[in-house]
Amino acid sequence: MRLYNTLTRRVEDLPPPPGPVRMYFCGPTVYQRAHIGNARPFVLGMWLRAWLRERGYDAILVHNITDVNDKIYEAAPSASAELAEKATAWYLEDTADLGLGLPELMPKATESIPQIVRFIEELIERDVAYAVDGDVYFRVASDPGYGRLSGQRPDQVEEQEPNPRKEDPRDFALWKAGKPGEDTWWDAPWGRGRPGWHIECSAMAEDAFGPVFEIHGGGLDLVFPHHENELAQSNALGHPFARIWTHNGMLSFAGEKMSKSLGNDVSIRNVLDTWGREVILLFFMTAHWRKPIDFDDDALAQAKAQVEGFRNVFRRESEKAGDWADFRRALDDDFNTPEALAVLHGWRDHDLLRRALGLFGLASLAEADVAPADVVELAEARRAARTDGDFARADRLRDEIAALGWDVRDTPGGFDLYRR
RNA sequence: GGCGCCUUGGCCGAGUGGUUAGGCACAGGUCUGCAAAACCUGGUACACCGGUUCGACUCCGGUAGGCGCCUCCA
């Protein structure tokens, strides 16, 4: 099994099974209903876990919830805790409805404050961090390796609005002193406030796994500064931290190609309600995980057509057609799901196909539809009409069946009914 | 300004120094009362300009266009 590692910019072999493979994938900041782009790292993490287990690995996934930061304060002045709690529940609900199960652990920043504070204390003891007026900053100059993950050169990083409390403009916050209007805070040795974003993830990942683990994932937009800073913090304590960094490509919602069916609401919830979980999962399979994907109606419609194609395979007799080795080869090579999907399109063996689709949360495509009694009654009436040669009536009945959301297909012996 | 990625047939999208990707859509056919499903057939693509090579979509250089990030966006 090989995966591309952002850190080395190469495809690398994983250690042989059983591993372990401990994976930490960055989760959302909870200030609104998560959008479909947030689903990509979640889905990728769950799929990878499933595939690694299939390959004999002991794979564990931790996926955090950032439930304290500026965005939440801004979105709900003086009520951020309530919003964070509500949005966390939404996220759990939405991701659960993708039908992939849940990670082993979904730690929340607000429940990891003691670990975060201890982490910061150690950084201060090592003199790689300093407290100023209730803030604490990481001293970037103390890390000669800073920039090796992202390739950013610290001297070229764009200047932000100057912050006189920083020794160096490149330094980043580990702890922020509480400001008026912020309704959540914790007391720490250097004052009342709340943690910075980057330290949360270092602390939560190490709290779950210890100072070294195999894979750290997240969106490509997190490489810099978020992940670069996580690496710097942990390395500063002598911790190796993540071995392999996986960064998924972004979804693009380009102008006129923007989904008409969803309007501006591209929340996971809305996409689930409009297109269904199977279409979303198939859609994510169509592109390699590192590449960007355009999110629009056309792409979703094509995914839906593929979903139907697989359903139809299960509606016919199973044939001995399919070789697991082809599928395995595709996924073992940097988890190439489009290649794997191409392999699956050639398969006609129900058991094999169900097993493969099941790894992607799509075993439901093998489930037979059971039509309600009234639809069956209409179909029986249509069969009688056809036997009588009354095709006009038969066609009318077919329209009625369609109006109820079902398709009727004639068979030598009678008919089959399928949900449209 | 800096770091990095991408450009494949109507659409989506893998991949390889010389061999059919696959899917979706479309057209014709077989089957069907008509359909649906299935199966068969059809379209030979790799932004542009140079270079390397016996041979490049695949390697190198350049041009154009698109995209991500540059201190809290997955």
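Lettering follows sequence order; numbering is per chain, from 1. FYI, side chains are in, hydrogens and waters are out, and symmetry mates aren't considered; it's all heavy atoms of this structure.
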(request) Specify the residue among A:Arg348 and A:Gly27 whose closest nucleotide of RNA chain B lies further upstream toward the 5′ end. (result)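 Final value for this comparison: A:Arg348.
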(request) Between A:Asn312 and A:Ala305, name the one whose nearest nucleotide on RNA chain B is closer to the 5' end. (result)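 That would be A:Ala305.
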(request) Going by the salt bridge (Lys or Arg N to Asp or Glu O under 4.0 Å) test, name the single residue among A:Arg290, A:Arg10, A:Arg2 that passes it with A:Asp334. (result)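 By the salt bridge (Lys or Arg N to Asp or Glu O under 4.0 Å) criterion, A:Asp334 pairs with just one of A:Arg290, A:Arg10, A:Arg2: A:Arg290.
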Distance between the [atom1] atoms of [N] and [M], in whole angstroms?
N: B:G29; M: B:G18; atom1: P; result: 39 Å
N: B:C12; M: B:A45; atom1: C1'; result: 14 Å
N: B:A37; M: B:G23; atom1: P; result: 15 Å
N: B:G17; M: B:A21; atom1: P; result: 15 Å
N: B:G42; M: B:A36; atom1: C1'; result: 23 Å
N: B:G15; M: B:C59; atom1: P; result: 12 Å
N: B:C67; M: B:U52; atom1: C1'; result: 30 Å

Pairing of [X] and [Y] as salt bridge, 4.0 angstrom limit:
X: A:Asp326; Y: A:Arg329; result: yes
X: A:Glu380; Y: A:Arg383; result: yes
X: A:Arg311; Y: A:Asp369; result: no

What does [X] touch in the nucleic acid at a heavy-atom separation under 4.0 angstrom: a base, only the sugar-phosphate, or nothing?
X: A:Ala299; value: nothing
X: A:Asp221; value: base
X: A:Val343; value: nothing
X: A:His288; value: sugar-phosphate
X: A:Thr29; value: sugar-phosphate
X: A:Leu251; value: base
X: A:Asp416; value: nothing
X: A:Arg386; value: base
X: A:Arg409; value: base
X: A:His345; value: sugar-phosphate
X: A:Gly37; value: base

Taking N and O atoms by type only, does the side chain of [X] place a donor or acceptor under 3.5 Å from a partner on the base of [N]?
X: A:Arg398; N: B:C34; answer: yes
X: A:Gln302; N: B:C11; answer: yes
X: A:Asp410; N: B:C34; answer: yes
X: A:Arg382; N: B:G33; answer: yes
X: A:Gln306; N: B:G23; answer: no

Round to the nearest Å and state the distance from [X] atom [atom1] to [N] atom [atom2].
X: A:Asp294; N: B:C12; atom1: CG; atom2: C1'; result: 10 Å
X: A:Asp395; N: B:C34; atom1: CG; atom2: P; result: 11 Å
X: A:Asn336; N: B:A14; atom1: CG; atom2: C1'; result: 6 Å

(request) Calculate, to the nearest 0.5 Å, the distance between atoms OH and CG belonging to A:Tyr130 and A:Asp168 respectively. (result)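 Here the rounded value is 7.0 Å.
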(request) Flag this pair as yes if the NZ/CZ of A:Arg382 is under 6.0 angstrom from the six-membered ring centre of A:Phe415 and inside a 45 degree cone about the axis; otherwise no. (result)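 Checked: cation-pi criterion not met.
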(message) So, OP1 or OP2 of B:G4: does either fall under 4.0 Å of a side-chain N or O from A:Ser150?
(response)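 No, A:Ser150 has no side-chain N/O under 4.0 Å of OP1/OP2 on B:G4.
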(message) Check this one for me: any side-chain N or O of A:Lys291 less than 4.0 Å away from OP1 or OP2 of B:A14?
(response)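 For A:Lys291, the contact criterion (side-chain N or O under 4.0 Å from OP1 or OP2 of B:A14) is met.
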(message) If you define the side chain from C-beta out and look only at heavy atoms, does anything of A:Thr184 sit under 4.5 Å from A:Arg194?
(response)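 No, side chains not in contact.
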